[in-house]
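Report on the following structure.
The sequence lines fix the lettering, A, B, ..., with proteins before strands; numbering per chain opens at 1. Predicted model, so just to flag it, every value in this text is computed and none were measured. Heavy-atom basis, side chains included; hydrogens, waters and symmetry copies ignored.
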Amino acid sequence: MQKNVLQIIWLWVLLGFTSMVYFLSLAISLPVVVTAVLVAAFGYLSYRWLGRHIAIEDPVVNKNHTTWACVILLVGIVIITNKAYYLEPQYGYWDAWWIWNYHAKFLGHPEFAGFLISKHSLVPHPDYPLFVSGSIAFFWRLMSTDNISVSYALSFLTTLVIPVTIFLALYRRNIVVAALAFLLLAVDDFYLERALAQYADLPLGFAFLCAFICLENVKKQPLMTVVTSAVLGCCLWTKNEGAMLTLVFITLNCRSLFGRGRWKPFLSGFAFPLLVFVFFKLSARSNDLFELQDDHTRNFIFDWSRYEMVWESLIYNLSHNFVAVKIGLIAFAILCFVERRLPDRAIIVLLVCTTGYFFVYVLTPKSLDWHLATSMDRVLFHIVPSYIYVLARNFSRLHFRLETAES
Amino acid sequence: MRFKGFYYIASMKSWIVNTLLGLSVCVAVFFFNIKFKSPTDPEKIRKGLAGVQKYLPTGSHLVFKCDVQGGDMYPTYVAYYLTPVKLVLPTPGGNDTTLLLVPINSTDSASTAMVNTSSILWQNADDRYRYILLRHS
């Protein structure tokens with residue numbers, strides 16, 4: 001695995017660990033300095049462990065290709081940074097005000113945290129996991145401020161690392177496809193606006209993307225299972241939907257993740273996030289979508305008009321907001337037909353996840369019109385980065401393969 | 001470290017990529033602060049509310065009234081800045097404290113009547129609005 005991709009993934013896992021430890025530290029009233037020391041110790045030890053067991057030196061690649069890659073990376077980063085300046089809202093959009101940054105305000109003050117994490121909480125959506133809010137609150141408390149720049153820095157980092165990681169993970173296989181995937185995201189205002197909204201959708205999308213990248217290396221390096229399971233733990237800790245994505249991912253990749261004694265490294269990366277998630281769920285109010293389920297909503301499964309509505313909304317979003325994914329999926333289907341092969345497991349995982357979201361909407365106890373209009377374009381971003389990566393990885397086999405000389 | 005020329009810089013070494021990412025985050029945050037240097041609408045509300053917290057016990061419930069055109073987001077700003085105070089809808093005989101936000105030259109009779117029939121716990125004003133915390137008798 002490439003060193004720089006692994007370093008970005010390590011940073012994300014560290015951020016997830018930070019928010020988990022910070023949440024636990026609130027429960028036992030630990031001073032924030034102690035939390036910071038714990039985080040620093042974990043960061044140092046995990047980085048050393050990665051360096052010893054997993055990290056691979058940067059392979060020496062043809063100089064011209066590497067120069068092109070560097071130029072493309074630089075251009076993409078400049079485009080994103082420049083566009084972000086014009087597209088960024090100061091405090092994010094509605095959900096940032098009412099959920100993510102608002103929760104961070106509670107978590108940033110230990111004396112207020114009880115109002116959020118309680119069975120009788122009156123705060124909107126207190127059951128939402130705390131990757132984003134906890135990370136922001138930790139840095140706010142560490143810096144004794146509640147400056148919105150911290151939230152913005154996190155959302156900008158997410159905006160940046162998604163296309164950059166896709167590019168870095170692919171450019172050695174096929175620089176044209178990698179550049180196309182990278183620049184399509186870099187110039188897409190729809191993506192940039194959603195990513196800079198200070199929501200948790202793109203952080204979840206990034207963690208899920210990392211799981212696919214890590215899984216590719218599990219066969220060559222069994223200890224990558226630790227990293228794979230840790231990023232799945234981050235999915236779990238970012239949004240409730242992350243639990244569904246994690247469950248689908250683990251179920252459909254159980255042989256890769258658990259086979260040949262890999263269940264031990266899997267558990268060593270997954271046990272801590274899972275325990276923290278369960279502890280949080282036991283402490284928090286239950287989810288409104290589950291709370292409102294009854295016989296009436298269960299009958300929605302036989303209401304075909306709902307399927308039609310969700311399908312129309314899905315197609316509308318694919319045709320207007322995720323055109324690249326739509327074209328990519330059609331091209332991929334043609335490729336599979338021409339090569340007379342079945343789609344790979346990663347695509348199947350993503351299709352099952354999409355079906356899962358489909359049924360979440362079909363069974364929603366809220367107004368379906370309202371639910372689709374307010375969330376589907378955001379929710380699809382949980383899986384769109386992974387779709388782009390997996391499709392680009394499939395297309396990268398076609399041409400322009402770089403001659404890579406592993407050192 | 002010895003400088004090894006253009007190809008070394010463009011070699012996609014991990015430290016170069018990380019430096020690029022770190023630099024762009026710093027640049028983005030720097031320009032974010034420049035862009036929002038002059039007080040925005042939410043910032044003005046935050047300044048207007050400075051000082052009201054000490055009259056609001058932790059976790060208290062508060063009715064917020066605001067008769068401002070285009071002020072749909074104001075309850076959101078107020079709830080955010082006054083965390084952990086909970087904004088609630090008025091119920092007959094249920095709430096004794098109201099935060100009123102009125103344009104500085106408002107002639108709204110309902111707001112005036114409310115101010116006249118309640119005791120003012122705290123008030124502040126900026127160039128646009130008056131912020132008044134009322135306790136109903």
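- If you measure heavy-atom distances from B:K86 to chain A, the contacts under 4.5 Å come from the side chain alone.
- Counting heavy atoms from C-beta on, the side chains of B:K35 and A:E88 come closer than 4.5 Å.
- Closest heavy-atom contact between B:T83 and A:F112: O-CE1, 3.5 Å.
- Across all their heavy atoms, B:P84 and A:F115 have their closest contact at CB-CD1, 3.8 Å.
- Open room surrounds CZ on B:F31; 12 or fewer heavy atoms of other groups in view lie less than 6.0 Å from it.
- Residue A:L11 does not touch chain B at all, counting heavy-atom pairs closer than 4.5 Å.
- Shown are B:L23, B:V27, B:V25; of these, the side-chain contact (heavy atoms from CB on, under 4.5 Å) with A:T81 is made only by B:V27.
- Heavy atoms of A:Y91 lying under 4.5 Å from chain B belong exclusively to its side chain.
- Listed here is the closest heavy atom pair of A:Y102 and B:A79: CE1-O, 3.4 Å.
- More than 12 non-hydrogen atoms from other residues, nucleotides or ligands lie less than 6.0 angstrom from NZ of B:K44.
- A distance of 4.5 Å separates CG in B:N18 from CD in A:Q7, rounded to the nearest 0.5 Å.
- Of all residues in residues 153-163 of chain A, those placing a non-hydrogen atom less than 4.5 angstrom from a non-hydrogen atom of chain B are A:A153, A:F156, A:L157, A:L160.
- Looking at A:Q90, the atoms closer than 4.5 Å to chain B (heavy atoms on both sides) sit in the backbone and in the side chain alike.
- For B:R130, the CZ atom counts as loosely surrounded, since its 6.0 Å shell holds 12 or fewer non-hydrogen atoms of other residues, nucleotides or ligands.
- Counting heavy-atom neighbours within 6.0 Å of B:F30 CZ, excluding the residue itself, gives a total of 12 or less.
- For A:S149, the side-chain contact (heavy atoms from CB on, under 4.5 Å) criterion is met by A:N147, B:V29, B:F32, B:N33, not counting sequence neighbours.
- Counting heavy atoms from C-beta outward, A:I8 and B:L21 have side chains that approach closer than 4.5 Å.
- Using a 4.5 Å cut-off between heavy atoms, A:I80 does not touch chain B at all.
- Taking the six-membered ring for Trp, B:Y77 and A:W97 have ring centres closer than 6.0 Å.
- Comparing A:D146, A:N101, A:V164 by heavy-atom pairs within less than 4.5 Å of chain B, the highest count is held by A:N101.
- Residue contact with chain B, scored on non-hydrogen atoms closer than 4.5 Å, involves the backbone of A:Y86 exclusively.
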